[in-house]
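Take a look at the structure below.
All ligand and atom numbering here is 1-based and tracks the order in the structure. Quick caveat, the model's predicted, so the values are computed rather than measured.
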Amino acid sequence: MKLFSGNSNLPLAKKLAGDLGLSLGKLEITTFPDNENRARVIDRVVDEKVVVIESTGISPNHYYMELFFILDSIHRSGAEFITLVAPYLGYQRQDHIFRDGEAVSLEVIIKILESLGVSKVISFDLHSIKIPELFHVQVDHLSALPIFAGEIEKMFNSNLEDVVLVSPDMGGIRRVEELSRLLNGRADFISIDKDRDLNSGSVQSVKINGRVKKTAIIVDDVISTGQTLISATKLLEKNGAKKVMVMATHGVFSDNAAENLQRSDIEKVIVTDTLDIPVERQFGKLQIVSVSNLISEALSK
Ligand code: R5P
């Protein structure tokens, strides 16, 4: 197996290479003065099983173009089988038409990836469990929930009577249900009804379905602006939560998310390293855990 990485998440790629006992394959990736990208594979890949890792959540347009050229260079050079590890798959939230006349961005991305010879995709906590069905190739849909279950065990020493797992919207209910199952049903789970204005993108948490406890752990797939979490936290506090924590797989932290989350009442925000979070998007309450082992296990199967 040969492993190549784009530039979006080199720390995770290097960790993964270490876990797999491999070194990263050689690519030449350059940018022209007009910002166009160029990619060339240097190592021989003829008849090889190749893994390419790229995370397209921060600067998705730039890193998707880089990824397309890396894949094309490897495909043209005769690789036998290409697995794409996309720890975060950009554009996944536009997976269907929300308003008349919209593009289905994720379908466009899938068409391009498949036309560039991708035979298998490994990704984490996709926005909807239906996303793998949009692909024509195998998708290994991994989850960071086992890591979060471990973190909860460490923090609460199995003492979970005062803890409730919270989905900040109805779409995420299966996540908290699964996390509760991983904790052997020792933590209850509830959900919140959330309204999002599709034109402005603004978010309002309107209603809690279930009983709030002293400690609320909000579980989500992705944090972008942080509005969902901040709005959910206010509603949970109004309904009796004394301590609110967050566990989310992908930390995009766009706009002023880092600043706003640091200033909020949320006590701790745990995300994974599916995205390489630049220093300016990191903040004191943030803790980052690694998914590298889960990827290496999936690749070793
Ligand atoms: C939405 O359905 C997702 O699960 C996340 O809750 C959402 O994308 C987070 O976005 P933001 O941080 O901008 O509220």
Side-chain angles (χ1 to χ4, degrees), residues 55-60 86-99 102 104-106 109 123-132 134 141-145 148 165-179 189-209 216-237 244-266 268-272 274-275 277-278 280-283 285-288:
S55 223
T56 46
I58 296 174
S59 306
Y88 180 84
L89 185 74
Y91 286 106
Q92 59 178 284
R93 285 180 290 170
Q94 186 72 33
D95 60 348
H96 63 270
I97 293 173
F98 294 87
R99 295 171 306 166
E102 275 181 346
V104 184
S105 317
L106 181 61
I109 298 292
S123 193
F124 278 87
D125 290 315
L126 293 163
H127 183 59
S128 139
I129 46 168
K130 290 199 176 292
I131 287 179
L134 299 175
H141 186 180
L142 306 184
S143 175
L145 292 177
F148 294 154
L165 309 173
V166 184
S167 170
D169 51 45
M170 284 306 290
I173 188 78
R174 60 167 184 87
R175 267 180 225 116
V176 279
E177 190 176 0
E178 173 63 7
L179 184 53
F189 60 92
I190 59 175
S191 69
I192 291 179
D193 287 348
K194 167 175 107 174
D195 274 349
R196 188 187 280 278
D197 181 324
L198 288 178
N199 292 312
S200 69
S202 72
V203 161
Q204 212 192 345
S205 304
V206 286
K207 185 179 155 238
I208 296 182
N209 306 300
I217 303 178
I218 307 176
V219 183
D220 211 350
D221 54 342
V222 53
I223 306 173
S224 179
T225 62
Q227 279 190 64
T228 298
L229 300 176
I230 291 170
S231 175
T233 300
K234 287 183 182 149
L235 188 63
L236 287 163
E237 286 180 329
V244 178
M245 299 172 67
V246 168
M247 295 187 176
T249 307
H250 313 290
V252 174
F253 301 122
S254 41
D255 296 344
N256 299 321
E259 211 180 307
N260 294 341
L261 289 166
Q262 180 63 27
R263 245 194 291 117
S264 74
D265 286 348
I266 298 169
K268 191 179 207 175
V269 177
I270 302 182
V271 297
T272 76
T274 55
L275 291 161
I277 303 162
E280 63 278 12
R281 294 190 191 189
Q282 297 191 16
F283 49 100
K285 293 174 180 176
L286 182 67
Q287 182 189 329
I288 302 171

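Ligand 1 has a nitrogen or oxygen under 3.5 angstrom from a nitrogen or oxygen of G226. Between R175 and ligand 1, not a single N/O pair is under 3.5 Å apart.
Judged by distance alone, the side chain of K285 and the main-chain N or O of Q262 form a donor-acceptor pair under 3.5 Å. Side-chain N or O atoms of D197 include one that pairs as donor or acceptor with a backbone N or O of N199 at under 3.5 Å.
Among protein heavy atoms, atom 4 (O) of ligand 1 sits closest to D221 OD1, 2.6 Å. Protein heavy atom closest to atom 14 (O) of ligand 1, with residue, atom name and distance, is T228 OG1, 2.5 Å. In this structure, atom 13 (O) of ligand 1 lies nearest to the protein heavy atom T225 OG1, 2.6 Å. The shortest contact between atom 9 (C) of ligand 1 and any protein heavy atom is with V222 O, 3.4 Å. If you check which protein heavy atom lies closest to atom 7 (C) of ligand 1, you get R196 NH2, 3.7 Å.
By the 4.0 Å N-to-carboxylate-O rule, E178 lies too far from R175 to be salt-bridged with it. The pair K130-D95 does not meet the salt-bridge criterion, since no charged nitrogen lies less than 4.0 angstrom from a carboxylate oxygen.
Comparing V219, D220, T249 by heavy-atom distance to atom 5 (C) of ligand 1, the nearest is D220. Residue nearest to atom 1 (C) of ligand 1, selected from H127, R93, H250, M170: H127 (by heavy-atom distance).
Atom NE2 of H127 sits about 16.0 Å away from atom OH of Y91, to the nearest 0.5 Å.
Close approach of ligand 1 to K194 is summarised as follows: ligand atoms under 4.0 Å from at least one heavy atom of the residue are 1 (C), 2 (O), 6 (O). Within ligand 1, the atoms closer than 4.0 Å to a non-hydrogen atom of D169 are 1 (C), 2 (O), 4 (O), 6 (O), numbered from 1 in the order shown.
Between T225 and F253, the closest side-chain pair of non-hydrogen atoms is not below 4.5 Å.
Put simply, the residue from T274, L275, I270 that forms a side-chain contact (heavy atoms from CB on, under 4.5 Å) with T272 is T274.
Checking K194 against S231 by side-chain atom types alone, no donor-acceptor pair falls below 3.5 Å.
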